[in-house]
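Heads up: the structure comes next, in structure tokens.
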Amino acid sequence: MAVDVSHDLLGAIGGVPRPETDVVVDARGVNKWFGRLHVLKDVSLQVKRQETVVVIGPSGSGKTTFIRCLNHLEKIQSGRIFVNGHLIGYREAGSGGKLVEDKEKNIALQRQEIGMVFQRFNLFPHMTALENIIEAPIQVRGAGKDEAVAMGRALLDRVGLAAKEKSYPNQLSGGQQQRVAIARALAMKPALMLFDEPTSALDPEMIGEVLEVMKELAREGMTMIVVSHEMGFAREVANRVVMMDEGVVVEEGTPDQLFSQPTQERTKTFLSKIL
């Protein structure tokens, strides 16, 4: 299915959001355990404004856990994560630099700057496509309904679903639901978009329509971290590709570097099985 993404996707929401710093994501020595399982081991990663970073690696390597930590959906045990220069999920207490979890109100404010699109679409089943998109801008950001509706319609148009504003999720294909989910995340005008294997739950013929929207976002300058097995997308769109395995960053580089001349044996083995 062809999707019309010829317009400026971000123009519908007032242009590319300008983060407060050129480094949008700064993760430093992040550690995460689930019980005795050490799933993230001193992970550090920086992502600059308007950069698209694709994270690859085998299942269980810590990719999804890492990006869920970026908006404090998962709590880290040590390290620090900054988004837009703000410490995420925690605040420093006292002079020793000890971290304590921040108030939920402050965490919610931080999350407004971070859009996330999940494997499953997580749309409200009792709301139409348009209602799904305008709910958060009205309830969280205090947007007026007329303003939110105009923005929601513009975003639906940008993701090729202008005719579906009154459709409920169960009336939409998987690819259409995922595009509504992307529009919903964009409606909050985030400085950073996180994608957690956004095409993994889709039928093969629906994958392309979602990737086209994501490609257009990258071209328009949205800062993005994408966990994906779509190597063609990574080759075409990524500024950097990050290889993770067993909770560590194995290596990173441009798509040409990492796919053509990986330096680590673990990366070579992984790529040999999927390329």
Side-chain angles (χ1 to χ4, degrees), residues 1-5 9-10 12-13 52 54-55 59 63-74 108 111-141 148-149 151-190 192-218 220 222-230 232-234 237:
M1 174 182 174
V3 180
D4 180 13
V5 289
L9 278 164
L10 301 180
I13 53 174
T52 296
V54 176
V55 184
S59 297
K63 309 183 301 296
T64 290
T65 298
F66 176 64
I67 65 167
R68 287 176 63 86
C69 289
L70 295 179
N71 62 0
H72 204 61
L73 289 177
E74 297 288 355
R111 286 184 180 138
Q112 292 182 27
E113 299 183 0
I114 307 169
M116 187 160 185
V117 178
F118 300 87
Q119 296 178 37
R120 296 292 174 178
F121 324 120
N122 294 343
L123 299 177
F124 297 117
H126 62 288
M127 293 183 178
T128 65
L130 181 61
E131 289 169 343
N132 264 281
I133 293 169
I134 68 175
E135 177 73 6
I138 292 174
Q139 298 299 328
V140 179
R141 288 200 180 273
V149 167
M151 178 180 62
R153 285 174 173 161
L155 284 168
L156 281 172
D157 181 53
R158 297 307 187 256
V159 298
L161 294 173
K164 299 292 186 180
E165 71 170 70
K166 295 182 180 180
S167 297
Y168 290 89
N170 65 3
Q171 298 171 317
L172 300 172
S173 70
Q176 290 170 338
Q177 290 185 62
Q178 194 62 296
R179 284 186 277 152
V180 172
I182 293 172
R184 180 178 62 178
L186 290 174
M188 291 297 286
K189 304 181 181 180
L192 169 69
M193 284 284 286
L194 306 174
F195 293 86
D196 180 17
E197 299 189 22
T199 61
S200 65
L202 301 179
D203 292 333
E205 64 268 23
M206 298 176 184
I207 290 173
E209 62 192 55
V210 173
L211 292 180
E212 279 303 315
V213 172
M214 294 170 62
K215 289 175 185 178
E216 187 67 11
L217 278 177
E220 295 296 341
M222 174 58 80
T223 307
M224 299 163 55
I225 301 178
V226 183
V227 171
S228 181
H229 294 293
E230 299 292 336
F233 173 83
V237 177

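In this chain, residues are counted from 1 in sequence order. Side-chain atoms are counted along with the backbone in the values below, which use heavy atoms only and exclude waters and symmetry mates.
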Short question: side chain of Arg141, backbone of Ala187 - any donor-acceptor pair under 3.5 Å? no
Distance col, row Leu156:CG vs Arg179:CZ, nearest 0.5 angstrom, shows 10.0 Å
Practice prompt. Could you check Glu216 against Val159 for side-chain contact (heavy atoms from CB on, under 4.5 Å), going step by step and ending with a plain yes or no?
Written response: CA-CA 10 Å; Glu216 187 67 11; Val159 298; over 6 Å; no
**Prompt:** With a 4.5 Å heavy-atom cut-off, do Ile114 and Leu70 have their side chains touching?
**Reply:** no
Within-4.5 Å side-chain heavy-atom neighbours: Pro190 and Gln112:
no
So does Leu202 get a backbone contact from the side chain of Thr199, meaning a donor-acceptor N/O pair under 3.5 Å? no
In terms of heavy-atom contacts, Ser167 and Gln171 come closest through CA-OE1, 3.4 Å
Value for CD (Glu131) from CZ (Arg184), rounded to nearest 0.5 Å, stands at 13.0 Å
Heavy atoms of Asn132 and Phe124 approach each other most closely as OD1-N, 2.7 Å
Nearest heavy-atom approach of Gln176 to Leu161 is O-CD1, 3.4 Å
Practice item. Determine whether Leu217 and Ile182 make a side-chain contact, defined as any pair of heavy atoms from C-beta on separated by less than 4.5 Å. Key: yes
Test item: Ser173 and Glu209 side chains (from C-beta on) under 4.5 Å apart, heavy atoms: yes
Per side-chain contact (heavy atoms from CB on, under 4.5 Å), Phe195 is matched among Gln178, Met224, Met116 by Met224
_Quick one, Arg68 and Phe118 - any side-chain contact, counting heavy atoms below 4.5 Å?_
yes
dist Asn71:CG -> Glu74:CD (nearest 0.5 Å) comes out at 9.5 Å
Query raised in the report: Distance-only, no hydrogens or angles: does the Asp157 side chain make a donor-acceptor pair with backbone N or O of Ala162 under 3.5 Å?
Result: no
On a heavy-atom basis, the closest approach of Pro125 and Pro169 is O-CD, 3.8 Å
One should read off an interatomic distance between Thr65 OG1 and Leu73 CG, to the nearest 0.5 angstrom, of 11.0 Å
TODO: Look at the side chain of Arg111 and the backbone N and O of His72, then say whether any donor-acceptor pair between them is shorter than 3.5 Å.
DONE: yes
Verify, without hydrogens or angle tests, whether Gln119 (side chain) and Glu197 (backbone) share a donor-acceptor contact under 3.5 angstrom. no
Between Leu172 and Gln177 the two heavy atoms that sit nearest each other are O-NE2, 3.3 Å
When rounded to the nearest 0.5 Å, the distance separating CG of Leu211 from CD of Glu230 is 5.0 Å
| said: A side-chain contact here means heavy atoms from C-beta on lying under 4.5 Å apart; do Ile133 and Met151 qualify? | reply: no
Separation between CG (Asp196) and CD1 (Ile225), nearest 0.5 Å, reads 12.0 Å
| Just wondering, do Phe233 and Val54 contact through their side chains at under 4.5 Å, heavy atoms? | yes
Note: Gly152 and Ile134 closest approach over all heavy atoms is CA-CG2, 4.3 Å
- Message: Is the shortest side-chain heavy-atom distance between Arg153 and Leu130 below 4.5 Å?
- Response: yes
